[in-house]
Amino acid sequence: MKKEISKIYNPKGVEKRWYDFWMDNGFFRADPNSSKESFTIMIPPPNVTAELHIGHALNNTIQDIFIRYKKMKGYETLWMPGMDHAGIATQNVVERQLAKEGLDRHDLGREKFVERVWEWKKEKGGKIIEQLKTLGFACDWDREVFTMDEQLSKAVTEVFVSLHERGHIYRAKYIINWCPRCGTALSDEEVEHKELQGHLWHLKYPVDGSPEFVTVATTRPETMLGDSAVAVNPEDERYKNLHGKSVILPLLNRKLKVIQDSLVDPEFGTGVVKVTPAHDPNDFEMGERHGLEKINILNEDGTLNENAGQYAGLDRFEARERILKDLEAEGLLVKIEDHDHSVGHCYRCSTIIEPYLSEQWFVKIAPLAEKAIDAVKSGKIKLHPKKWIKTYDHWMENIRDWCISRQLWWGHRIPAYHCEECGEIMVAREEPEKCAHCSGALKQDPDVLDTWFSSWLWPFSTLGWPDKTAELKSFYPTNTLVTGNEILFFWVARMIMSGLEFMEAVPFTDVYLHGIVRDEQGRKMSKSLGNGIDPLKMVNLYSADAVRYTLLSLAPEGQDIRIGEKDFEIGRNFTNKIWNAYRFISSKIDDKDLPELNYSELELADEWIISRYNYAVASISDDIENFKVSSALDNAYKFFWGEYCDWYLELIKERLYSDDEARVNSALSVAVHVFKGTMQLLHPFVPFVTEEVYTELSGEKSIMLSSMPISDESRINRAVEDKMSLIQELSTAVRTIRSQMSVPPSVKATLILRSNSKENLEIIEENRSYIENLCKLDSIELNGKSERPKLAATDVVKNIELIMPLEGLIDIELETERLNKALHNVEGALKAVENKLVNKSFVKNAPPAVVEKEKQKKHDFSEKVTKIKTNLKWLTNAS
RNA sequence: GGGCGCAUAGCUCAGCUGGUUUAGAGCACCGCCCUUACAAGGCGGGGGUCACUGGUUCGAAUCCAGUUGCGCCUACCA
């Protein structure tokens with residue numbers, strides 16, 4: 001009975017069916033009580049607002065590879081899934097929704113608004129989870145968590161209070177990054193610096209009690225309204241006359257002291273700086289040093305406040321224009337220079353950030369950073385690729401305190417309580433009833449915590465911390481963290497700090513940092529550019545396996561990836577190749593029971609593919625263990641397509657089509673053995689198609705329950721591979737002649753081989769049918785007595801002379817050209833080798849084995865040259 | 001300003017600790033083939049002074065230094 005199998009692999013249906021099967025059978029579930037060694041990966045939690053993009057697809061494919069590989073290696077694997085509440089992003093989404101109804105969040109009030117966000121989350125949020133499933137990811141979905149879940153919130157409170165108790169959290173009035181659109185403070189990491197073309201405006205400030213002026217240079221002229229001094233470098237000779245004097249702030253006519261501070265760079269601008277302590281971090285420092293007034297001129301929304309005099313109420317950029325115009329009218333704007341500088345933007349809404357003076361909560365980070373630096377330095381945590389270690393060190397060593405309070409409503413409320421009577425602040429796990437100091441009424445701090453303040457606890461909060469759970473015991477520390485390199489500081493570094501502080505152990509042992517997926521022109525994919533590729537569309541078009549395969553095959557280790565929609569054909573073609581190899585083998589099996597692989601009955605091709613297979617098993621496993629996943633896939637591809645399909649399956653066709661059942665069975669048993677193993681190796685990369693063909697072929701329940709093949713190094717046989725490569729080279733040479741001389745497969749040809757190597761002749765004699773079948777030859781004559789034909793195409797392979805009589809078919813001119821080219825090449829190679837051997841220091845210094853090799857080469861090349869020359873002569877004589 | 005990375009075929013990239021004939025793959029290109037797994041395929045072919053300069057070495061795409069170009073990160077770039 002022949003099974004009807006489609007000529008083309010049709011993934012539709014297959015993928016959904018298997019995913020449901022895996023889920024229904026609980027294959028993704030992790031058992032904390034298992035006796036097996038555990039292997040754990042924490043998913044980088046996608047934002048609840050996120051929709052699947054190609055970066056998620058890559059990130060999670062890599063994780064899935066590790067998880068599926070380790071599971072088949074016998075580990076108890078846990079891939080912990082979950083989502084991030086994404087404070088700003090989520091609040092923005094719901095606020096936009098409200099705006100459509102003509103409302104803002106204040107119309108609802110805090111409680112109602114937060115309710116509304118939860119509603120939104122239930123209805124529209126978390127789409128990405130379902131989307132991830134279409135790509136086949138083996139997360140333990142039963143464990144899915146959300147950073148705002150009760151358990152995780154408990155962890156956040158515990159950490160805040162406990163850090164506070166340890167003196168690592170403080171509240172202070174400081175210059176922070178303020179997003180006027182989001183209306184909240186941001187941490188340094190949440191500010192994206194973009195290089196902008198700006199201007200350096202030179203402004204004249206009149207010197208008090210003198211007809212003179214000083215000229216200051218600024219990129220933000222509107223901040224002059226908040227100036228409380230001008231500063232010069234104390235060493236600057238040009239301005240020594242100003243020491244002790246004052247200047248008059250134009251427009252507002254305020255008197256400003258001239259101060260001296262070594263922070264001022266005499267080389268930059270005019271060497272005189274306006275000092276605005278409330279709106280610039282450097283000026284803030286100077287203000288502290290010189291006891292200057294801090295004049296805040298901005299409202300929270302970026303408009304100017306009452307301190308801005310006649311400019312109050314204007315937007316900051318409008319104010320800039322107006323101020324410049326007014327200064328110009330007074331003749332105080334003396335020069336405008338082009339000036340490129342980097343400007344901070346909000347990472348969520350791209351609004352230009354204002355350095356803003358406000359009261360915020362901070363984490364004193366230096367004490368935490370110290371241990372985290374050491375964890376990486378000592379190798380307790382390894383970064384892959386290693387190049388990130390330097391970047392990590394540099395960042396950690398220069399880290400500044402972490403501003404963790406956000407003026408948002410969506411997030412974890414800060415567990416601090418302010419006394420309405422005496423102003424006392426109490427930090428506590430449970431809300432205290434009254435002020436411990438004066439028994440006054442308490443009000444909880446209105447701010448919420450930075451979203452990253454919950455995600456930095458991810459490796460243990462997801463496992464039930466601060467409770468002592470079985471999960472924590474089994475799965476912490478986790479093993480590998482896979483994430484984009486852009487998130488190293490935001491998240492990875494902070495998890496290391498929190499893990500060491502609260503678990504007293506690293507949160508993971510290895511960090512795999514991959515690059516960013518870009519479009520074909522190397523641009524970041526973004527909504528505004530419209531150059532994104534929708535992974536779901538690609539899954540629909542090409543299959544999930546194809547998407548996974550393509551992404552990975554294009555992903556150089558840790559580097560950015562360029563990709564276009566058409567590239568997904570690579571993956572589709574590969575799965576189709578698997579399908580057809582399966583189809584071929586399976587058509588030969590029919591219903592019969594397959595005999596076990598019998599190593600004593602193998603012929604050359606079998607031994608060869610088994611040797612190559614065992615080599616492939618070793619190299620692919622090595623690659624995965626060493627975090628070289630795309631190299632692993634490349635090796636799997638090369639073996640499966642380039643060796644198994646291109647050579648082995650071709651070599652056994654003669655046996656498979658024969659009537660001799662024993663011959664059929666021996667070939668088939670090897671073919672199936674190697675195919676099954678290859679599917680297992682490939683399963684982590686392309687889980688669906690491998691599951692489909694593996695189970696069909698083996699009758700087993702699931703490939704996921706099978707064990708990853710282990711390389712039997714004793715089957716790697718160099719001698720066999722050498723023999724086989726002789727067959728391959730000869731075959732290629734014959735095929736080349738046929739192709740060049742346009743001899744179609746339908747025309748059978750004869751091949752004459754001549755050699756004085758007894759060894760090579762024996763190999764060919766034993767395996768002549770391989771060459772005959774691969775090259776569609778009638779016969780091969782080995783060192784025969786027949787006359788050399790007048791007209792023949794020729795070649796030389798490993799000192800074996802190939803002669804193909806092609807009377808009537810040969811194009812003499814073409815063949816001459818071909819031989820001349822070959823001659824030229826070999827002569828070049830010969831020359832290079834000779835040059836080496838003539839060089840006395842080479843012979844003296846190079847290892848003997850290398851010298852010996854070169855001598856052998858020289859011998860071979862010169863012999864080949866002679867033979868080609870002879871063949872050329874024959875051609876000339878014949879024409 | 002500092003740091004890191006990249007530069008190999010028309011394009012995307014392999015090439016790990018120097019020695020695989022004269023550097024590989026995929027895509028693209030050319031030729032032949034609907035050969036009894038696969039035209040989403042097979043077989044063959046063309047195409048590269050490995051960015052530049054210098055150094056180390058018997059020997060460099062590979063190691064070192066510098067130069068140029070590009071990218072990313074980072075900074076108290078008024």
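Sequence lines set the chain letters: A, B, ... in the order given, protein chains first and strands last, and positions in each chain run from 1. Keep in mind it's a predicted model, so treat the numbers as computed, not measured.
Cation-pi geometry between A/R612 and A/W641 is not met: the NZ or CZ atom fails to fall both under 6.0 Å from the ring centre and inside 45° of the normal.
Rounding to whole angstrom units, CG of residue A/N580 and P of B/rC34 are separated by 19 Å. Put simply, NZ on A/K588 is 14 Å from C1' on B/rC38, counting in whole angstrom units. Note: OH (A/Y582) to P (B/rC38) measures 15 Å, nearest angstrom.
Dashed line: the shortest gap from a side-chain N or O of A/W647 to OP1 or OP2 of B/rC43 is not under 4.0 Å.
How far CD1 of A/I589 is from CG of A/L668: 5.0 Å, rounded to the nearest 0.5 Å.
B/rC6 and B/rG59: their C1' atoms are spaced 27 Å apart (whole Å). Between B/rC63 and B/rA78, the distance separating the two P atoms is 39 Å to the nearest Å. Here the separation of B/rG31 from B/rA14, taken at their P atoms, is 32 Å to the nearest Å. As rounded to the nearest Å, B/rC13 and B/rU56 have C1' atoms that lie 30 Å from one another.
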Mind listing the N/O atom pairs, protein and nucleotides 6-11 of chain B, below 3.5 Å?
none

Taking only nitrogen or oxygen atoms into account, show me every contact under 3.5 Å that the protein makes with nucleotides 23-33 of chain B, one pair per line with its distance.
unit_1: B/rG31; atom_1: N2; unit_2: A/S739; atom_2: OG; d: 3.4

Give me the distances for all protein-to-nucleotides 56-58 of chain B N/O pairs that come in under 3.5 Å?
unit_1: B/rC58; atom_1: OP1; unit_2: A/N845; atom_2: ND2; d: 3.4
unit_1: B/rC58; atom_1: O4'; unit_2: A/S841; atom_2: O; d: 3.3
unit_1: B/rC58; atom_1: O2'; unit_2: A/N839; atom_2: ND2; d: 3.0

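By the 30° and 60° cut-offs, the orientation of the rings of A/Y644 relative to A/F639 is tilted.
At a cut-off of 3.5 angstrom, the base of B/rC38 holds at least one donor-acceptor pair with the side chain of A/K577.
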